[in-house]
Protein chains: 2
Amino acid sequence: MPAPTRAPADPLHDAKPRRRVGRPAAAVLDQDGITAAALQLIGKSGYDGFTMAALARTLNVAPSALYNHVSSKRDVLVLVQDHLTSFVDVSAFGSGPWDQAVRSWAWSYRDVFSKHTPLIPVIAVLPVTDAPKTLAMYEAVSAGFSHAGFPQERIISAIVALESFIFGSAYDVTAPADIFDSGSMAHSTPNFTAAVKQQDLEGYEKPADVAFNLGLEAMIARFGALRG
Amino acid sequence: MPAPTRAPADPLHDAKPRRRVGRPAAAVLDQDGITAAALQLIGKSGYDGFTMAALARTLNVAPSALYNHVSSKRDVLVLVQDHLTSFVDVSAFGSGPWDQAVRSWAWSYRDVFSKHTPLIPVIAVLPVTDAPKTLAMYEAVSAGFSHAGFPQERIISAIVALESFIFGSAYDVTAPADIFDSGSMAHSTPNFTAAVKQQDLEGYEKPADVAFNLGLEAMIARFGALRG
DNA sequence: CCCACTAAATGAATGTCATTCATTTAGGAT
DNA sequence: ATCCTAAATGAATGACATTCATTTAGTGGG
């Protein structure tokens, strides 16, 4: 693959009026600004185009300057993931019934991260201490479960199970439509091929949504029965 | 002491008796050998230590030689993932009851890939055509569902839902034990902190296993009721 | 008021990778 | 014999993330 096309270098419209060496009068960077720029860059160029150099360019800064505010690229990803978590809808845990709250939380959680699957490996092993907004989400969800009469000692397990399903399902959203096309091997996989065909006949609904709904409702139904 | 014309050949420190330039009489590499070496290297050095150069070294070959047999590093990962899939236990779909078969399949699937989470992003978007052993697994599982009286048009959705849960749970296995320690933020997250404490009191069982069991049993119970 | 310290920028390396290319050689097909 | 293709080597290439020396701007203690 050839290198991705870059904006033509037009010295007249050069977006980089060189800052002179040394500490500037007012700080140019901070973590919030870096986070916002990173999110925007990811939106425009995807995770492939998301490099420290590219990030620095959008901030009109030398790449090395970033390291005064974050210690690594992974650090930036953590900032982005925590910011994204604030877009997950936990509002229903304050008002509606438990099952409806879980539903809207889970769907919005999946939708947010299905566009950011490269963050999932980061989230999955990230201590909550390093992600305050994520911690806030857990608090809201835990409170909702607790208030709904869920036994204390199962709350975390239930949330983890739901979250695992949500993360896995987020990947599923990004899968190509014909991922299950068995092609020339179809004759040796009759049961699978038939099942895929039946599914294709079924629906105009997106397969990823159908599967997510199926799994989510199973968990909601079963977990709901645990409440005291 | 007469000067030796060549450096002494020490097989311990000179694991690379240079092959001379040009095509060797017998081919040194093939996809199976590359796959086996990759799996071994990953086992020894993890995914961080898994580089094309390191892989070439274990095969006693120049890195560029690999590209006569695979087209990219991702290609190698696909070979590895497909090979690993053959370790997933689908045997019970031939014999035991449906729910037991799903259980042993799901647990073994999770266990295999919890040691190989960097493959999950690869699997999730990989067309089955490119992974024959994976396709064989789907066939065995589909046949089991079909034979158990599962409605054709829901088989794929159910498998996808289970698989999503399995992948997400595989990540969960790798999470650090204290991932939920809210540290200094504990006072602002009372519900969450209490739930974490209760969970910690509960058990000697690994939290990841408890959560996996909870979610899996929910799906098995609910999906089982769909059978005709 | 000065001076040392620290913070925040630049610009120039560094080192690690995956990947490509030119070249060499072997063996089978024409 | 000659040509073609496959399978090696070894030497680039080009991205990257990250580090380091250097420069400059405020700040706090004497």
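In the text below, chain A, chain B and the rest are named by the order of the sequence lines, each starting its count at 1.
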Those residues that, when tested against B:S157, pass side chain to side chain donor-acceptor pair (under 3.5 Å) (two or more places apart):
A:Q199
Using a cut-off of strictly less than 4.0 Å, decide whether A:R19 has a side-chain nitrogen or oxygen near OP1 or OP2 of C:dA9.
no
Do any side-chain nitrogens or oxygens of B:R20 fall under 4.0 Å of OP1 or OP2 in C:dA26?
yes
Rounded distance in Å - CG (A:N60) to C1' (C:dT10):
12 Å
D:dA17 P sits how many Å from A:D75 CG, rounded?
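Going from CG in A:D75 over to P in D:dA17 covers 14 Å.
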Set of residues satisfying side-chain contact (heavy atoms from CB on, under 4.5 Å) with respect to B:A38, sequence neighbours excluded
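With sequence neighbours excluded, B:A38 shows a side-chain contact (heavy atoms from CB on, under 4.5 Å) to B:F50, B:L55, B:V76, B:V80, given in chain and number order.
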Which residues pass the side-chain contact (heavy atoms from CB on, under 4.5 Å) test with A:N68, not counting sequence neighbours?
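So A:N68 forms no side-chain contact (heavy atoms from CB on, under 4.5 Å) with any residue.
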Could you write out each protein N or O paired with an N or O of nucleotides 3-7 of chain C at a distance under 3.5 Å?
{"unit_1": "C:dA7", "atom_1": "N3", "unit_2": "A:R23", "atom_2": "NE", "d": "3.4"}

B:E139 side chain to A:F192 backbone, donor-acceptor under 3.5 Å
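Yes.
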Heavy atoms within less than 4.0 Å of DNA chain C: which residues of residues 33-54 of chain A have one? Give them sorted by number.
none
Near DNA chain C, under 4.0 Å by heavy atom, which residues of residues 64-73 of chain B?
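B:S64, B:Y67, B:S72, B:K73 - these, ordered by number, are the residues of the stretch whose heavy atoms sit under 4.0 Å from the strand.
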Closest-nucleotide 5' rank along DNA chain C - winner of B:G22 and B:R74
B:R74
